[in-house]
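Please read all numbers here as calculations on a predicted model, not as lab measurements. The basis for the numbers below is simple: all heavy atoms, side chains too, and nothing from hydrogens, waters or symmetry mates.
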Amino acid sequence: MAELLSPENLCEGISKLFFVNSVFTDKEVKITVVANKYAGGFTQKKESEKNKKLLDAALNKIEGKSTVTKSCESELILTECCGHAVKIASETAEKAKSEKNVLRVIVTAGGDGTSLEVQTGLTKWAQESEENRKVVFENIVVFRLPLGTGNDGTDGHVFAESLDMLEQPLHFANARAIKFSLNGEVTEDGIKEAGKNPAAYGNAEDKAPWYAFNVAGIGLDAFVCWKTNEEKAKHPGNHYQLMVDFATLNYNKAFPPEHAVTEFYNGSELIGKIESAFEMMTFGVSGHRTFGGGKKVFPVEENAAFVRKLDVLTMVAKNGKFTDGSYVETNLASTFNATKVVLNYDKPVLCELDGETHLLLKENFPITMELTEPLIQVLERDDLSWSRGTERK
């Protein structure tokens, strides 16, 4: 019987791959693997068996290679509940704060949710002081393994791609995030007026500002994420495409698009203003981004897209163009290279940040989505052929 990938053998194996990569030469390295043991990459039998074989093959390739690090340690921490990885990240950062000349590597072993929580924890911890910001910028590096169902914000869309990356020459870079800010808080009267409760669409206790490290969106794509998460909670697996089809027929009934004012900025310059009802508006940390398990939301350099309200027949007919990225070659959407987006609206609408959803009500508007300065330290291949919006070291 084939062996399954477990968090334990993943931690041991992935650490060995790090310790022989030249990017860590002469560094004191401590690795923390933050694993969601319920992620599909561990629990789905065929996927888990395949991942274990891939890890074993990668380890066979480095057999006989010498460790390049000055010192090396590793630990495994299993997440216990939603939000736990945020706490793990801040606690790990506190340890790094007191360790001089040590590079802390946090490996997320799950899907987009696990990597989102870890990076959010580091981002919020970094904002507490300039000293904290420097620790996150210089002494911590995040590597995001694709072991969930989405895997759009991870380092590689599939496990084999991540392992291949660790065989290549790498460099350190600091990545931006999207900061999602609200104008005001929802009130009980606002909930009654809207007839929709934020608690039904996401974690109402998670207070803004929120962050995304891949793509943030408002409208149809957020509705798809919400329905996908609902279905996944009942029946684990990848239901994204099925929910796209469901949303195409049902989104405009649940959240009828109405007039909005959307402004796109590059720095302080207003580069676009659209006054129109919209189906969805998406904003990426950079161009060349995917969501929904590899769907090309930004197949080009532009990182912001606005899709005006469409009738159902058009949505059904053009559905595929939004999943393969060819919408950019049509008049279905307007695209921009933006650093900030401001949306003014007064109706209920869903937003999503790396697949996690929230309900917005009129008290929240105008909302602002803007790129932060480079902060989270990541690894990139030296031969990367497109910009991830990072600052290379």
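The structure places CG of Leu4 at 9.5 Å from OG1 of Thr43, a figure rounded to the nearest 0.5 Å. We find the OG-CH2 distance between Ser286 and Trp386 to be 5.5 Å, quoted to the nearest 0.5 Å. To the nearest 0.5 Å, atoms CD1 (Ile88) and NE2 (His84) are separated by 4.0 Å. Remark: Leu353 CG to Asp112 CG distance equals 12.0 Å, nearest 0.5 Å. Atom CD of Gln44 sits about 10.0 Å away from atom CG of Asn51, to the nearest 0.5 Å. To the nearest 0.5 Å, atoms CZ (Phe291) and CZ (Phe298) are separated by 7.5 Å.
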Counting only pairs under 3.5 Å, give me each side-chain donor-acceptor contact of residues 259-280, with atom names and distances, residues two or more places apart or in other chains.
residue: Glu263; atom: OE1; partner: Tyr265; partner atom: OH; Å: 2.8
residue: Asn266; atom: ND2; partner: Asn337; partner atom: O; Å: 3.1
residue: Glu279; atom: OE2; partner: Asn252; partner atom: ND2; Å: 3.1
residue: Glu279; atom: OE2; partner: Leu310; partner atom: N; Å: 2.9

Going by atom type alone, with no hydrogens or angles, which donor-acceptor pairs under 3.5 Å involve a side-chain atom of residues 138-146 and a protein atom two or more places apart or on another chain?
residue: Arg144; atom: NE; partner: Asp155; partner atom: OD2; Å: 3.1
residue: Arg144; atom: NH1; partner: Gln119; partner atom: OE1; Å: 3.0
residue: Arg144; atom: NH2; partner: Asp155; partner atom: OD1; Å: 2.9

Check residues 32-40 and write down every donor-acceptor pair under 3.5 Å in which the side-chain atom is one partner and the other belongs to a residue at least two apart or another chain.
residue: Thr32; atom: OG1; partner: Glu75; partner atom: OE2; Å: 2.7
residue: Thr32; atom: OG1; partner: Arg104; partner atom: NH1; Å: 3.4
residue: Asn36; atom: OD1; partner: Tyr38; partner atom: N; Å: 3.0

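Put simply, Leu116 and Val86 are part of two different groups of oily side chains (I, L, V, M, F, W, Y) that touch within less than 4.5 Å, one to the next.
Listed for the Ser387 side chain is a donor-acceptor partner under 3.5 Å among the backbone atoms of Gly389. A distance-only check finds a donor-acceptor pair linking the side chain of Thr154 to the backbone of Gly156 [under 3.5 Å]. Remark: the backbone N or O of Trp125 is paired with a side-chain donor or acceptor of Asn132 at under 3.5 angstrom. Checked by atom type and distance alone, the side chain of Ser48 pairs as donor or acceptor with a backbone atom of Phe42 at under 3.5 Å. In this structure, Thr330 contributes its side chain and Leu332 its backbone to a donor-acceptor pair below 3.5 Å. No side-chain donor-acceptor contact under 3.5 Å links Gln377 to the backbone of Asn174. Within the 3.5 Å criterion, the main-chain N or O of Ala177 finds a donor-acceptor partner in the side chain of Thr372.
When all heavy atoms of Pro198 and Val186 are compared, the closest pair comes out as CG-CG1, 4.4 Å. Tyr345 and Pro256 get closest at one heavy-atom pair: OH-O, 3.7 Å. The shortest non-hydrogen separation linking Gly13 to Leu59 is O-CD2, 3.5 Å. The two residues Leu122 and Ala93 come nearest to each other via the heavy atoms CD2-CB, 4.0 Å. For the residue pair Asn303 and Gly287, the shortest heavy atom distance occurs at CB-N, 3.8 Å. Nearest heavy atoms, Ser181 versus Pro209: OG-CB, 4.1 Å.
Counting only residues at least two apart or in different chains, side chain to side chain donor-acceptor pair (under 3.5 Å) contacts with residues 206-216 comprise Gln127-Tyr211, Asn214-Arg289. Listed by first and then second residue, the side chain to side chain donor-acceptor pair (under 3.5 Å) pairs that reach into residues 19-30 are Lys30-Glu99, sequence neighbours excluded. Pairs of residues two or more places apart, or lying in two chains, never qualify as salt bridge (Lys or Arg N to Asp or Glu O under 4.0 Å) while including a residue from residues 334-346. Listed by first and then second residue, the salt bridge (Lys or Arg N to Asp or Glu O under 4.0 Å) pairs that reach into residues 51-66 are Glu3-Lys52, Lys52-Asp56, Lys61-Glu167, sequence neighbours excluded. Among residue pairs with one or both ends in residues 350-378, those qualifying as salt bridge (Lys or Arg N to Asp or Glu O under 4.0 Å) are Glu193-Lys362; sequence neighbours excluded. Screening residues 84-93 for salt bridge (Lys or Arg N to Asp or Glu O under 4.0 Å), with sequence neighbours left out, gives Lys87-Glu91.
Lys70 NZ: 12 or fewer foreign heavy atoms inside a 6.0 Å radius. Within 6.0 Å of atom CG in Asp383, more than 12 heavy atoms from other residues, nucleotides or ligands are found, so the atom counts as buried in its surroundings.
In this structure, Thr335 and Tyr327 have side chains that are in contact, with non-hydrogen atoms separated by less than 4.5 Å. Glu131 is listed as a side-chain neighbour of Lys97, based on a closest heavy-atom distance under 4.5 Å. Counting heavy atoms from C-beta on, the side chains of Phe283 and Thr339 never come closer than 4.5 Å. Under the 4.5 Å side-chain criterion, counting only non-hydrogen atoms from C-beta, Ile218 is in contact with Ile367. Looking at heavy atoms from C-beta onward, Phe24 lies in side-chain contact with Phe18 at the 4.5 angstrom threshold. Taking 4.5 Å as the limit, some side-chain heavy atom of Leu5 sits within range of a side-chain heavy atom of Leu55.
A side-chain donor-acceptor contact under 3.5 Å links Asp152 and Thr290. With no hydrogens or angles considered, no side-chain donor-acceptor pair links Thr187 and Asp189 at under 3.5 Å.
Under the side-chain contact (heavy atoms from CB on, under 4.5 Å) criterion, Glu161 pairs with His157, Val158, not counting sequence neighbours. With sequence neighbours left out, the side-chain contact (heavy atoms from CB on, under 4.5 Å) criterion links Ser74 to Cys11, Ser15, Ile31. Residues satisfying the side-chain contact (heavy atoms from CB on, under 4.5 Å) test with Glu188, not counting sequence neighbours, are Ile191.
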What's the verdict on side-chain contact (heavy atoms from CB on, under 4.5 Å) for Leu343 and Val349, showing C-alpha distance, side-chain angles and the deciding distance?
-> CA-CA 12 Å; Leu343 172 65; Val349 68; 5.5 Å; no
After noting the C-alpha distance and the side-chain angles of Thr390 and Glu380, does the key distance pass the side chain to side chain donor-acceptor pair (under 3.5 Å) rule?
-> CA-CA 9 Å; Thr390 58; Glu380 290 182 338; 2.7 Å; yes
Stepwise side-chain contact (heavy atoms from CB on, under 4.5 Å) check, Leu360 with Leu182 = CA-CA 9 Å; Leu360 304 175; Leu182 309 182; 3.8 Å; yes
Given the rule in the side-chain contact (heavy atoms from CB on, under 4.5 Å) test, do Cys351 and Phe180 qualify, once you have shown the distances and angles that lead to the verdict?
-> CA-CA 10 Å; Cys351 71; Phe180 196 112; 3.8 Å; yes
Go through the steps for Met281 and Val341 under the test side-chain contact (heavy atoms from CB on, under 4.5 Å), then give the verdict.
-> CA-CA 10 Å; Met281 196 284 295; Val341 180; 3.6 Å; yes
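Under a 4.0 Å N-O distance rule, the pair Glu130/Lys134 does not qualify as a salt bridge.
Geometrically, Lys196 engages Phe255 in a cation-pi contact, judged by NZ or CZ lying under 6.0 Å from the ring centre and within 45° of the ring axis. Judged by the 6.0 Å distance and 45° axis criteria, Arg133 is positioned over the aromatic ring of Phe137.
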